[in-house]
Amino acid sequence: MSCQRVFTPLRRQSQGFPDGLHVSKEIRQAIADRQPVVALESTIYTHGAMGKDLAYEHEELIRSYGGIPAIIAIVDGVPTVGVSPSEIVQMIEAGNAVKVSRRDVSYLVGMGLAGRKIHGGTTISGTMLLARLAGIRVFGTGGLGGVHRGGENTMDVSADLTELGRTRVAVVASGCKGFLDIPRTLEFLETQGCLVSTFADGRSKDIDFPGFWARNSGTPSPSVVNTEREAAAMILSQERLNIESGLLFANPVPEEYGIPLPEIRAAIEQAVTEADEKGFTGSKNTPYVLGRLKELTGNKAVVANIALVKSNLIRAANVAVELARLEDPSFQPTASQQSTPSAPVPAHAPIPSDPSSDILVAGSVAVDLSCDYTPSSKSEIAPQLHTSNPAAIRQSVGGVGHNVALAAHRASGDKSRVKLASLIANDTWGSTILSSLESEGLDPVLVSKLQDTQTYRTAQYVAINDGKKDLVMAMADMDIFNYDADPDLLKRVLEQSRPNWLVVDGNWSETNIKTLVKAGAKGECNIVFEPVSVEKSRRLFGLTNGAPALTVFPQSSMDLASPNTYELAAMYEQAKQRGYFDTNEWFGVIDAFGMRGAREKFVYMTSRELTDAGIPVQMVQLLPYIPTIATKLGPKGVLLATLLRPEDPRLWATEERQHILARAVDHPTIGGIYMRLYPAVENVEDVVSVNGAGDTFLGVLVSGLAQGARVDKMIDVAQQGAVMSLRSAEAPPPNYPPRINLQSPPTMAPRKADDDDMSSETSVSGSEFSGFESDEATSKVPRGGIFEKDSDEEELERLVLGNKAGFKDSLFQYNGAEADHQDEDGDIDLADEVNELEDVADADLFAFDTGPSGAKPAPAVTKERTTGPDPAVWEDSDDDRLAISLANTNRLRKLRISEAEDVVSGTEYSRRLRQQYLRLNPQPAWATASQGRPSKGRRKSAATSDSSASDADDSDVEAQPLEKFLRDVNKLSESGMASGQGKRRLKPETLDIQRTREIPDRHRAPADCLSFHPEFPVLLSSSKAGVLYLHHIAPEAHPTPNPQLTSVQVKQVDVRRAEFMYPKGDKIFFAGRRRYFHHWDLPSGVVQKTSQIQGHGLEHKTMEHFKMSPCGRYMALKASTKKSGGIVSIISTGSMQWIASARMTSQDGIADYAWWRSGEGLSVLGRDGQVGEYSVESKKFLGIWHDDGSVGGTVIALGGRGGPHALGEDRWVAVGSNTGITNIYERSTLIDKKKNIDDDDVALHEDPTPTRVFEQLITPITTLTFSPDGQLLAFASVHKKDALKLAHLPTCTVYRNWPTEQTPLGRISSVAFGRGSDLLAVGNDGGRIRMWNILS
């Protein structure tokens, strides 16, 4: 009789898990049922710096291959098996997780018992220990530690190796890190009794142990395993024999991501050598080497690392599944574990096949392939054409309709039933989509399968993204949706589902869209249109028997659309071409508002940029057909426009007045237009994928609307969903935040409800999002439906009828700054540019936003119709039948021509209003194209500005004089900025600073120059876009804070510098990369041009590098030549003639220079760190000194009072370098008092010691600015975001309380202090100018 001894694996659930070990419910059940559980370490998430979503991705990956993931970590001092990805995110955000090896487990757990909760990310050894205690047998990771080089002497051996010798867990990894001693690592594992076997992975013959980043290491593997089943058999044998040592299955990096062995060896040798030389040993060695390898391999190491981890997890999941099958041959992965990469595991109960729904999305579903270009170096962003490119390719189920439905489903939870109606083919992809829909929780009952596989294919979408994850191009096979479905079928779908909300996407054919919209309207559901693309957005505006197919408000066919700006323009053009704007019904809605001259209000409610692009106008003209339009503006947010009924409480709510664009007077069904610009909720920089963000936005929006939320309360919530989508590889994101939960029923359904049913707004509560409540009416509608004018309407009326509070808006558009041109030696080549502009008259180079002081009377209006274009949409033919009394209203009497005049027609009244507005706010002369301008002959080049003055073609450009656009000098001088009265002292420890309103106008290029007027609260700003702005600094001004006084567009000149001429500020000098510069005389408005410097034309190929002296007598101009080191020419501002040249011998030329306070000299900085003190009076350098430690000077600045008289009376000099270091010196310490000097000479120390060295920045210093009172120094770098610091003087201490990480700075391009030193203006590369008040 034979006896077979049966060995069973250790099952802790029968005995209970060790005390103190927390195992999640899912993992407990999986272990009890012998399911394929795969352990995951947590250090890769808490210390890997690879993003917060990595844990989600890894969990989904393992589940898609039939495994059950079990992340292991120490959470708040508790060893946990089965940590959720959301808990991992919390650990990452806490930022205090420590690495936990075997030795550290008791320490952290003990501290937790003692009341000190510590997070810990487990390493391989820590993970193996806790996995073994829980009964998990397979562990997938990246790479393990090993024996460090020289380990035979230092005994530097990873704890991972000893853990493999004593803990029975199978580890799937890509070997040890390639910079370790691989042969000694394998010897050590052999000594520990650990099985080491490498997957053949399609190879034969001699197989090496992997080199982590390389598939081979040059060291043969102790053994080879060919399949996952063989590996599973080894694990089972180890258990049955009760062998307690671990197993290491080495899985090579996928071939397409592996780095060739010679290449990675060279990089490793360099990184290891540098680590030894710099003393990085012990725990500091590995992080340094890994970081250096990332740099040396051009990110190849990072890409390989990510790929090998995913490959190892897939391999581990397959091994775990095979192990479960060996133990139970009948085992099959459950539905939640089916091996389909595109099908995430559902986290809900089975779905009943009930076709009824609250939200029905009729749209596309497709198999998506997202191809992210993975460049070999950071400099490579765009993939190469006509060849193959390395990429990370992800497969998922997508499609606009699918994404919208899934986003709505995840945002609604069980509050709204969401269904998807779509088409698939009877092919493999179609089956994949059906299973994926079920796993996502979307009922596929309304997804129709077309059987004709010869004609139809399941839709597919391929997105090609560049190295920044931005879309390069996409290819879509959506032909299946061009199939004209049976109208009766579509109608039956709607009858069965009976939705309150129907979303139709533009992938359907025009016929199908028309059928769906018509059926939806008949079913009394709210209808939403998602345009999908520019071309497909046009399909909404179809024709029926040659007439528009859509009806208008209040019985409109559509209720909501969410286009982007391009789709909006395409919809507008299609509607216009097909006659949608020519119907009486459309005019009936538009005329209800009486909108004429709405541009000013559009600018006020949105922005000048959006208004110039025509976006508000396009939305308003589409509103009769689509009463609510949410236009997606990308990083600029969302613009919402919606038609309101007369009883809508927003029409009279005080807090909503600023958003009411227009009101209808005494109209039965139309109350007004609500328009609101929602800024982006967040500036997303860590974008993972842009695909599907707009779909997520719409899905979340519709989810809230279906639960009764008002659309204006949902925009920011929907934007949050889009932000999460941008940060997720999957759209919509699987980890959507707490679901929208509204306690009240919908307020917008049914569509055909009586007006009385629509009169009340339902309160919203229970939402997880702030500001998500509906507003209840607190007042009643005035009788007769006539509303009092709000402040915005009154402001527009004041503009027309003569109030001086308004300021004109600029109307020009910038088409892009001209590119810089330099030759190989760094010299500027302007030959082509100069020739292009040499013969252009000054009058053609400028465009001022100021015009003549008054408008000429317009000719009388006649009633005869003339040939030509149709009248504007806003002109009403009924105006002639109106009679307006001018004498009975005080505000209208100024419109009379004579005292006896009284009644005029509506047309004449409109004409006089327009004439009065133009009289008070003249149209910019440069805003419209010049007509009838006589042609001018070629100009003769002039040697000097004087000679050009006599040329008829060189006549000066007349601009409006200073007193015209400053409006009220007395008012300006008493408001805005402090005038410097009273002495104040700043504290050196903390700076009391508060943000104030920023400059409203944004430059179309970096705001390179800022200059405050010396007498008035006026700020001059300029950019390479060729624009100069003058703004009145008045943060409290209404309606526009810090309003624009005037602006100048200098045509074809990239203005690189502009500044007021001190001490009076009565002139503005400006120049670009040209052979000439201009100065604008503000009192007279005359602009003069200086073409050349007599006798020095060859030295100055460009005049962009100029600076005005504080005394106003001189202008310094850095020469473009590097002859003899560098030259700065001194020019008289009175005669515009050359006076002297400061020539300094400096390697690589002159970097920068600064005028002395007295205006009698310059401090000139060479690129080699030399600083020369030049006297204009003596026309020579008084001395040369060297900036301490400088290897490359970049910028110099002078400031403060009370310095040595011989050096211009400045107390301080600051010098910035290309290393990010700023040195500051007291000028008095530069003088060598021990040497005998006479009155005409000064002896300077050649190597002075700086008073303080500022090392807070690490990129080249580009801006240095002292405050006028000498108490602050600002230093900044444009090369890094938010790189700005303020230092207190005379203590020379840097303020730590400002700026903070939340201070919105951007990349600093310019800094200026107000004349009272109490205002800080900061310009950035985005063209914005932000302001802060500095308090005493």
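For Thr167 (side chain) and Leu164 (main-chain N/O), no donor-acceptor pair under 3.5 Å exists by modelled atom type. Not a single donor-acceptor pair under 3.5 Å links the side chain of Asn216 to the backbone N or O of Gly218. Arg149 places a side-chain N or O within donor-acceptor distance of the main-chain N or O of Phe179, the cut-off being under 3.5 Å. Between the side chain of Asp104 and the backbone N or O of Ser101, at least one donor-acceptor pair lies under 3.5 Å. For Lys177 (side chain) and Phe212 (main-chain N/O), no donor-acceptor pair under 3.5 Å exists by modelled atom type. Using a distance-only test at 3.5 Å, with no hydrogens or angles considered, a donor-acceptor pair links the side chain of Ser42 to the main chain of Thr122. With Asn312 contributing its side chain and Leu308 its backbone, the two residues share a donor-acceptor pair below 3.5 Å. Under a 3.5 Å cut-off, the side chain of Gln238 and the backbone N or O of Ser245 do form a donor-acceptor pair. Side chain of Asn389 to backbone of Gln384: a donor-acceptor contact under 3.5 angstrom is found. Judged by distance alone, with hydrogens and angles left aside, the side-chain atoms of Ser223 form a donor-acceptor pair with the main-chain N or O of Val196 at under 3.5 Å.
In terms of the side chain to side chain contact (heavy atoms under 4.5 Å, CB included) criterion, residue partners of Gln29 (sequence neighbours excluded) are, by chain and number, Asp33. Listed by chain and residue number, Val147, Glu152, Asp181 satisfy the side chain to side chain contact (heavy atoms under 4.5 Å, CB included) test with Arg184 (two or more places apart in sequence, or in another chain). With sequence neighbours excluded, the residues satisfying side chain to side chain contact (heavy atoms under 4.5 Å, CB included) with Ala55 are Tyr45, Ile71, Pro85, Ile88. Applying the side-chain hydrogen bond (donor to acceptor under 3.5 Å, both in side chains) test to Asp372 and every residue at least two apart in sequence or in another chain returns Arg394, Asn465. With sequence neighbours excluded, the residues that form a side chain to side chain contact (heavy atoms under 4.5 Å, CB included) with Ala170 are Ile235, Leu247, Phe249.
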- Message: As a quick check of understanding, evaluate salt bridge (charged side-chain N to carboxylate O under 4.0 Å, His left out) for Glu244 and Arg132, giving each step before the final call.
- Response: CA-CA 10 Å; Glu244 283 300 322; Arg132 177 70 177 122; 3.2 Å; yes

- Message: Using side chain to side chain contact (heavy atoms under 4.5 Å, CB included), reason through Lys25 and Arg28 one step at a time and then give a plain yes or no.
- Response: CA-CA 5 Å; Lys25 183 178 180 180; Arg28 283 176 180 266; 5.5 Å; no

- Message: One pair to check against side chain to side chain contact (heavy atoms under 4.5 Å, CB included): Val100 and Tyr107. What are the steps and the verdict?
- Response: CA-CA 9 Å; Val100 181; Tyr107 175 82; over 6 Å; no

- Query: Yes or no on side chain to side chain contact (heavy atoms under 4.5 Å, CB included) for Phe199 and Val319, after CA distance, side-chain angles and deciding distance?
  - Reply: CA-CA 12 Å; Phe199 279 100; Val319 170; 4.2 Å; yes

- Stepwise side chain to side chain contact (heavy atoms under 4.5 Å, CB included) check, Val687 with Lys468: CA-CA 8 Å; Val687 175; Lys468 291 184 177 181; over 6 Å; no

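At a threshold of 4.5 Å between non-hydrogen side-chain atoms, the residues Thr273 and Gln270 do not count as touching. Counting heavy atoms from C-beta outward, Ile464 and Tyr373 have side chains that stay 4.5 Å or more apart. Inter-residue side-chain proximity for Met91 and Val75 is flagged as met; some heavy-atom pair is nearer than 4.5 Å. Contact annotation: the side chain of Lys278 never approaches that of Arg292 to less than 4.5 Å [non-hydrogen atoms, C-beta and beyond]. Ile314 has its side chain within reach of Leu61: a pair of non-hydrogen atoms, C-beta onward, lies under 4.5 Å apart. Inter-residue side-chain proximity for Ser158 and Glu163 is flagged as unmet; no heavy-atom pair is nearer than 4.5 Å. Counting heavy atoms from C-beta outward, Thr297 and Val303 have side chains that stay 4.5 Å or more apart. Between Pro210 and Asn251, the closest side-chain pair of non-hydrogen atoms is not below 4.5 Å.
When the shell of 6.0 Å around CG of Asp328 is examined, it contains more than 12 heavy atoms from other residues, nucleotides or ligands.
Leu144 CG to Leu161 CG: the interatomic distance, rounded to the nearest 0.5 Å, is 6.0 Å. A distance of 8.5 Å separates CZ in Arg229 from CZ in Arg325, rounded to the nearest 0.5 Å. We find the CD1-OG1 distance between Ile74 and Thr80 to be 7.0 Å, quoted to the nearest 0.5 Å. Phe209 contributes atom CZ, which lies 5.0 Å from atom CG of Leu186 (distance to the nearest 0.5 angstrom). Distance CD/Glu41 to CG/Leu130: 12.5 Å, rounded to 0.5 Å. One distance of note links CD1 of Ile62 with CD of Glu57; it measures 12.5 Å at 0.5 Å rounding.
Arg34 forms no cation-pi arrangement with Phe331, by the criterion of a distance under 6.0 Å to the ring centre and an angle within 45° of the ring axis.
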Identify each donor-acceptor pair in which a side-chain atom of residues 252-263 lies under 3.5 Å from a protein atom, sequence neighbours left out, and give them as a table.
from   : atom 1 : to     : atom 2 : distance (Å)
Tyr257 : OH     : Ala391 : O      : 3.1
Glu263 : OE2    : Lys300 : NZ     : 3.2

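Between the side chains of Thr43 and Thr123, no donor-acceptor pair is found at a separation under 3.5 Å.
Pairing each heavy atom of Ala317 with each of Val38, the nearest pair is CA-CG2, 3.8 Å.
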